[in-house]
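Read through the structure below, which is laid out as structure tokens, and then see the notes.
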Protein chains: 4
Amino acid sequence: MKKSDDTRRRILDASAKMFRRKGYDTTTLKDIAKIVKVRAPAIYYYFDSKEQLLEEVLNIGIDRIHDAVQHAIAGSASDISHRERIEAAILAHLATLLRHSDYTAANIINYHLAPKNIRKRHLIRREKYNDCWRALLQEAQQAGEIEASVDLHHLRLFLLSALFWTHEWYRKEDEPTEAMAKRITGVLFDGIGGTKAR
Amino acid sequence: MKKSDDTRRRILDASAKMFRRKGYDTTTLKDIAKIVKVRAPAIYYYFDSKEQLLEEVLNIGIDRIHDAVQHAIAGSASDISHRERIEAAILAHLATLLRHSDYTAANIINYHLAPKNIRKRHLIRREKYNDCWRALLQEAQQAGEIEASVDLHHLRLFLLSALFWTHEWYRKEDEPTEAMAKRITGVLFDGIGGTKAR
Amino acid sequence: MKKSDDTRRRILDASAKMFRRKGYDTTTLKDIAKIVKVRAPAIYYYFDSKEQLLEEVLNIGIDRIHDAVQHAIAGSASDISHRERIEAAILAHLATLLRHSDYTAANIINYHLAPKNIRKRHLIRREKYNDCWRALLQEAQQAGEIEASVDLHHLRLFLLSALFWTHEWYRKEDEPTEAMAKRITGVLFDGIGGTKAR
Amino acid sequence: MKKSDDTRRRILDASAKMFRRKGYDTTTLKDIAKIVKVRAPAIYYYFDSKEQLLEEVLNIGIDRIHDAVQHAIAGSASDISHRERIEAAILAHLATLLRHSDYTAANIINYHLAPKNIRKRHLIRREKYNDCWRALLQEAQQAGEIEASVDLHHLRLFLLSALFWTHEWYRKEDEPTEAMAKRITGVLFDGIGGTKAR
DNA sequence: TATGAATGAGAGTTCATTCAT
DNA sequence: TATGAATGAACTCTCATTCAT
């Protein structure tokens, strides 16, 4: 890890941090440069444009969470139930989002408003991550652990929206990530209906 | 309704539309003025600043959905179950968000990135809307229709995140709003667990 | 002539002046704005870009000289010789170039280095002016006043190069424009060869 | 010829090429470095500044053409006519300009717009080249091969302007340089006047 | 002999905003 | 009630240049 690579990484980190906090448009290159302790034009030594900065931040945001979830699934014992694997995936998603990543949060906040061409290229990555979940849910349904009547397409979108937005309100002081993953999985599989409910 | 009031409203409508589409920062007053068929400085006859435009759009966005949900709850027959009332609330939320309102979508997209002072003032309104749901869920839990063990705080945040972000992916061609509301309520109360699931 | 039109014209005049003096690239919008007694962004109220400024200056530069030459030809008595008509054209060209026009001088200096797309569009105008001369020379040759062996293509290019570049060295104190036009025409038709020349 | 000298020369060659093609201002040191297959700061090992690059290119541009013309005159047999010597000079000028030299073309294009101090120093060289022609023409006039009435000052400026700008339009496919030199000399001495012309 | 890393100065451009009318 | 004209502030980006290595 040369000094050069380090500076590059620090620029990205600063970008992610600021894009998350103020959004892409409001963030200036000066803001970023200040954090890195460099003058703004130095950024152009490493990146072609502000847009490229956004694109890389966006990509890393998805890649991180994707890797974590994939790893969690792959690493789980082969004899566990699908419900347990889904819980593991939820936990990996939450842990990455909530613990490390300015990148993922920046992704969520800035994706819509990103320039069309960037969004288009980025979509490929998003879809790959979605594929993970598609497979996960499908297998669970085929195994009978998710009711046959459930529309997996809508379920996935609904679940991921909710998971992604935890970064807005989740406070790790309230509840450890593991507990939350378990709780979410519980609601998801068993519902909230009490004994009195129809 | 004087011509003046009408122009004011058209400026707001155009702002909501553009803020939703391109975000607050990227939208220029010229963009808005063009839709209204007016020159940009005319906006200053009705509003003090671009920020005020954002604030009003944000407020209307919440007010609309709040009114709709409140109305739905208040209008429901007194003898229906809490589950049915919650379904009605979900439907009202979705219908407003998905059918009518650039304002509500603009709110969702721009809230985070709004200037701090605006966000602070706006929070009051958001909280009022949240109160609606707090009451709704609490009553249901007290009545035993939601399991006692469920943490309502997290449940509400989780549910509302998911509901708000439907505007990103929902296509009314796929499924009527009513059906979706029913489906969501179903998953929420009964879970997705199949017969094989623990 | 409203104030607006006046400002626009003054911006163009200032541009022509500066483009002539320092060249397009070296001239800044601030330079131009200073002459017009306006701040630089005001230029954008009238023009889309610095390039548009260049294009208009280039066009005016050719148009002025074209109009003058055309007018001189059209206005000459019908019974004069072709040589006399050519002299009139040379005079009109010189008079416009040397007396009024920053525009034409700016054109000469900046044409090569102008962005390709501008050069391409501008070429049409240049060709129209060239057509003037093509016709003028052709008619003279057909009438026998220019020797049949002369290659008009090269002659025109050669003559116009020389005429255009008079703006670099001509001092009207030395010789009135009329005298110079006559002298040039003389050399052109009769040559410089003395009695001793082969 | 050490490697060092070679690199220096290649930097100059690349500069001349680019200054000719895009002009001094638009050419970046990166452009030049790319051709030489070096990084931009390497240029500073050989030259003090971009301006020095320009100055040397400008100088070489004149020197080359000067040497060629001088050599042509000096080398011509002592018994040839002045007209023939002038033709030889024209040929040498054209051949250098049109066949070899990015330097000379770069000179023509960039001289006006060069910084004042450079232009001032460079003027000395230009004047030396002009002296060549002054002498050439004066001797011809004294020998009676150019009419006594011809103003040599204007003649020289006019002729050289035209010669210099051939680089804009000359295509060697049309006519060999030798033929063009002969043709130009012909027009110059004998004029274009046909039998019908006064 | 040459480069990697960085900078200062400044360019064109955009935009919310102002103000006289 | 609305516009034409203009501005100040700020932004992204470019580039010649520097300097340690």
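Within every chain, numbering begins at 1; the chains are lettered A, B, ... in the order of the sequence lines, protein sequences first and strands thereafter. Just so it is clear, the values below take in all heavy atoms, side chains as well, and ignore hydrogens, waters and symmetry mates.
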Next item on the list: Take atom NZ of C/Lys50 as the centre, draw a 6.0 Å sphere, and report whether it contains more than 12 heavy atoms from other residues, nucleotides or ligands.
Entry: yes
Notebook entry, point to check: CG of B/Leu53 versus P of E/dA16: gap in Å, rounded?
Noted result: 10 Å
Next item on the list: First locate atom NE2 of A/His122, then atom CZ of A/Arg119, and finally report the distance between them rounded to the nearest 0.5 Å.
Entry: 11.0 Å
Next item on the list: Please list every stem that involves DNA chain F, where a stem is a run of 3 or more consecutive Watson-Crick or G-U wobble pairs with both pairing distances under 3.5 Å.
Entry: E:2-21 with F:2-21
Can you check nucleotides 15-18 of chain F for protein contacts, nitrogen or oxygen pairs under 3.5 Å, and list what you find?
residue : atom : partner : partner atom : Å
F/dA16  : OP1  : D/Thr27 : O            : 3.4
F/dA16  : OP1  : D/Lys50 : NZ           : 3.1
F/dA16  : OP2  : D/Leu29 : N            : 3.0
F/dT17  : OP2  : D/Tyr44 : OH           : 2.6
F/dT17  : OP2  : D/Lys50 : N            : 2.9
F/dT17  : O5'  : D/Tyr44 : OH           : 2.9

Next item on the list: Would you kindly give the CD1-to-C1' distance between B/Ile43 and F/dA2, to the nearest whole Å?
Entry: 12 Å
Note to self: Please report the distance, rounded to the nearest Å, between NZ in B/Lys34 and C1' in F/dA2.
What the structure shows: 19 Å
Next item on the list: Determine the contact category for C/Phe47: base if any of its heavy atoms lies under 4.0 Å from a base atom, sugar-phosphate if only primed atoms, P, OP1 or OP2 are that close, otherwise nothing.
Entry: nothing
Next item on the list: Report yes or no: does A/Asp67 contribute a side-chain atom to a donor-acceptor pair with the main-chain N or O of A/Arg64 at less than 3.5 Å?
Entry: no
Check: Can D/Arg10 be said to sit on top of D/Tyr46's aromatic six-ring, NZ or CZ under 6.0 Å from centre and within 45° of the ring axis?
Finding: no
Notebook entry, point to check: What is the distance from CG of B/Asp31 to P of E/dC15, rounded to the nearest Å?
Noted result: 8 Å
Check: C/Arg39 side chain N/O closer than 4.0 Å to the phosphate oxygens (OP1, OP2) of F/dG8?
Finding: yes
Next item on the list: Could you check how far CE of C/Met18 sits from C1' of E/dA11, rounded to whole Å?
Entry: 15 Å
Note to self: Below the 4.0 Å mark, does E/dA2 have OP1 or OP2 next to a side-chain nitrogen or oxygen of D/Tyr45?
What the structure shows: no
Next item on the list: Determine whether the side chains of A/Tyr103 and A/Asp13 contain a donor N or O and an acceptor N or O closer than 3.5 Å.
Entry: yes
Note to self: Against B/Leu53, only a single residue in B/Thr27, B/Asp48, B/Ile11 fulfils side-chain contact (heavy atoms from CB on, under 4.5 Å); can you say which?
What the structure shows: B/Ile11
Next item on the list: Return yes if a side-chain donor-acceptor contact under 3.5 Å exists between B/Arg20 and B/Asn107, otherwise no.
Entry: no
Next item on the list: For E/dA5, take OP1 and OP2 only and decide whether either is under 4.0 Å from a side-chain N or O of A/Thr7.
Entry: no
Item checked: Residues B/Arg8, B/Glu56: salt bridge by 4.0 Å N-O rule -> yes
Notebook entry, point to check: Under 3.5 Å, is there a donor-acceptor pair between the side chain of D/Asn110 and the main chain of D/Tyr24?
Noted result: yes
